[in-house]
**Q** 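Next up is a structure, given as structure tokens.
In what follows, chains carry the letters A, B, and so on, assigned in the order in which the sequence lines appear, proteins first and then strands, with residues in each chain numbered from 1.
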Amino acid sequence: GQQVMQIPQYQHVQEGEDFTTYCNSSTTLSNIQWYKQRPGGHPVFLIQLVKSGEVKKQKRLTFQFGEAKKNSSLHITATQTTDVGTYFCARLTGTASKLTFGTGTRLQVTL
Amino acid sequence: DVKVTQSSRYLVKRTGEKVFLECVQDMDHENMFWYRQDPGLGLRLIYFSYDVKMKEKGDIPEGYSVSREKKERFSLILESASTNQTSMYLCASSRRGNTEAFFGQGTRLTVV
């Protein structure tokens, strides 16, 4: 099976700068989920997108699903040190909901 | 509070040993997953189970097998551990349908 690709693999920003990670698939996605993994921790669910062109916000986080449902993005406005971690997108496939993850983007935020 | 529990946080095994990683969830979820996490490779699905005794191969099943005899428990078995199976192993569970997955704390396995 083909993983969903994420870019960049790693990004280092100064606190207060914005950050965006992109998730790309060669096939149409029925839905996309986003997870955050803090250093030393386990992935924790953030949000799910299912509709073409959908945009959802959680405080400083904005999630978008592409019109063609082949890509998605997560944008963080004015990063804080608490945003440090690895962000994963994931897709559900099949009637039994098999969950496959992207390669992840590791975010480092410094003061 | 939902809970997925993995039997060990750290494990060191010798090459050739048979290794069992256990995962238990208390949420009555139909789906359970085993992933391995390696730097730069993200979370790769090893096996997936969608019901008791039902399983499906993930992206990297070679060298692994699984067992799901009870709904709450999903075991990952390394038939003959090798050094390239040194990794972080994460178990997860979810309800059937478009729902979020809940993860255990992970087992860091070192094969020497």
Side-chain angles (χ1 to χ4, degrees), chain A residues 1-11 21-25 27 29-51 54 56 58 63 65 69 85-108, chain B residues 1-6 9-10 23 25 27 29-62 66 68 71 74 88-108:
Chain A
Q2 188 173 0
Q3 273 192 302
V4 178
M5 299 306 295
Q6 277 185 257
I7 53 170
Q9 188 173 358
Y10 170 76
Q11 188 149 11
T21 173
Y22 301 90
C23 183
N24 299 305
S25 172
T27 57
L29 303 165
S30 58
N31 55 61
I32 198 91
Q33 294 183 349
W34 285 92
Y35 290 76
K36 177 184 178 181
Q37 183 178 25
R38 293 181 185 274
H42 58 276
V44 175
F45 176 82
L46 294 174
I47 210 157
Q48 176 168 276
L49 306 170
V50 295
K51 297 177 185 174
E54 188 170 15
K56 288 188 176 180
Q58 288 180 350
F63 303 84
F65 204 4
K69 298 183 79 174
T86 301
Y87 293 85
F88 292 98
C89 62
R91 63 174 179 178
L92 286 158
T93 55
T95 53
S97 306
K98 184 166 83 171
L99 186 62
T100 307
F101 281 78
T103 46
T105 296
R106 186 161 72 92
L107 173 64
Q108 180 63 32
Chain B
D1 210 14
V2 297
K3 208 163 185 183
V4 179
T5 304
Q6 294 184 228
R9 193 86 166 97
Y10 299 94
C23 177
Q25 50 97 1
M27 296 165 282
H29 285 169
E30 293 84 10
N31 298 336
M32 294 189 76
F33 308 83
W34 274 107
Y35 298 91
R36 65 176 281 177
Q37 183 170 20
D38 302 287
L41 297 177
L43 290 161
R44 293 181 292 167
L45 181 63
I46 305 171
Y47 266 99
F48 160 53
S49 171
Y50 50 92
D51 205 343
V52 175
K53 297 189 189 292
M54 305 305 288
K55 62 185 179 186
E56 191 175 308
K57 289 181 180 178
D59 297 323
I60 51 164
E62 297 78 20
V66 290
R68 185 125 181 244
K71 192 175 185 180
F74 192 33
M88 172 67 82
Y89 289 86
L90 287 159
C91 173
S93 72
S94 70
R95 279 189 287 114
R96 190 167 297 140
N98 291 345
T99 64
E100 67 182 281
F102 295 88
F103 281 81
Q105 291 298 324
T107 297
R108 183 163 293 282

**Q** What are the two closest heavy atoms between A:K98 and B:K57, and how far apart are they?
**A**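 Result for this residue pair: NZ-O, 3.9 Å.
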**Q** Which heavy-atom pair separates A:S97 from B:R96 by the least distance, and what is that distance?
**A**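 Minimum heavy-atom contact is OG-C, 4.1 Å.
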**Q** What part of A:Q37 is in contact with chain B, defined as an atom under 4.5 angstrom from a non-hydrogen atom: side chain, backbone, both or neither?
**A**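 Just its side chain gets close to chain B.
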**Q** Among A:F88, A:F45, A:F101, exactly one meets ring-ring contact (aromatic ring centres under 6.0 Å, His included) together with B:F103. Which residue is that?
**A**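 So the option named by the test is A:F101.
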**Q** B:Y35 versus chain A, heavy atoms under 4.5 Å apart: side chain, backbone, both or neither?
**A**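 The side chain, not the backbone.
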**Q** Sort A:Y35 into side chain, backbone, both or neither according to what part of it lies under 4.5 angstrom from a heavy atom of chain B.
**A**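 Just the side chain, heavy atoms under 4.5 Å.
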**Q** Can you see which heavy atom on B:T99 is nearest to which on A:Q33, and at what distance?
**A**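 B:T99 and A:Q33 have their closest heavy atoms at O-NE2, 3.0 Å.
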**Q** Kindly compute the distance separating CG (B:L41) from CD (A:Q9), expressed to the nearest 0.5 Å.
**A**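 Here the interatomic distance stands at 8.5 Å.
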**Q** So what's closer than 4.5 Å to chain A heavy atoms on B:E30: side chain, backbone, both or neither?
**A**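 Neither part, no heavy atoms under 4.5 Å.
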**Q** Considering only heavy atoms, which portion of A:L99 lies under 4.5 Å from any heavy atom of chain B: side chain, backbone, both, or neither?
**A**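 Its backbone and side chain both get close to chain B.
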**Q** Determine whether A:P43 and B:L43 make a side-chain contact, defined as any pair of heavy atoms from C-beta on separated by less than 4.5 Å.
**A**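 The answer is yes, as the side chains (C-beta and beyond) meet within the 4.5 Å cut-off.
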**Q** Taking B:E100 for the side chain and A:L46 for the main chain, is one N or O donor matched with an acceptor at less than 3.5 Å?
**A**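 The answer is no, because no donor-acceptor pair under 3.5 Å joins these two groups.
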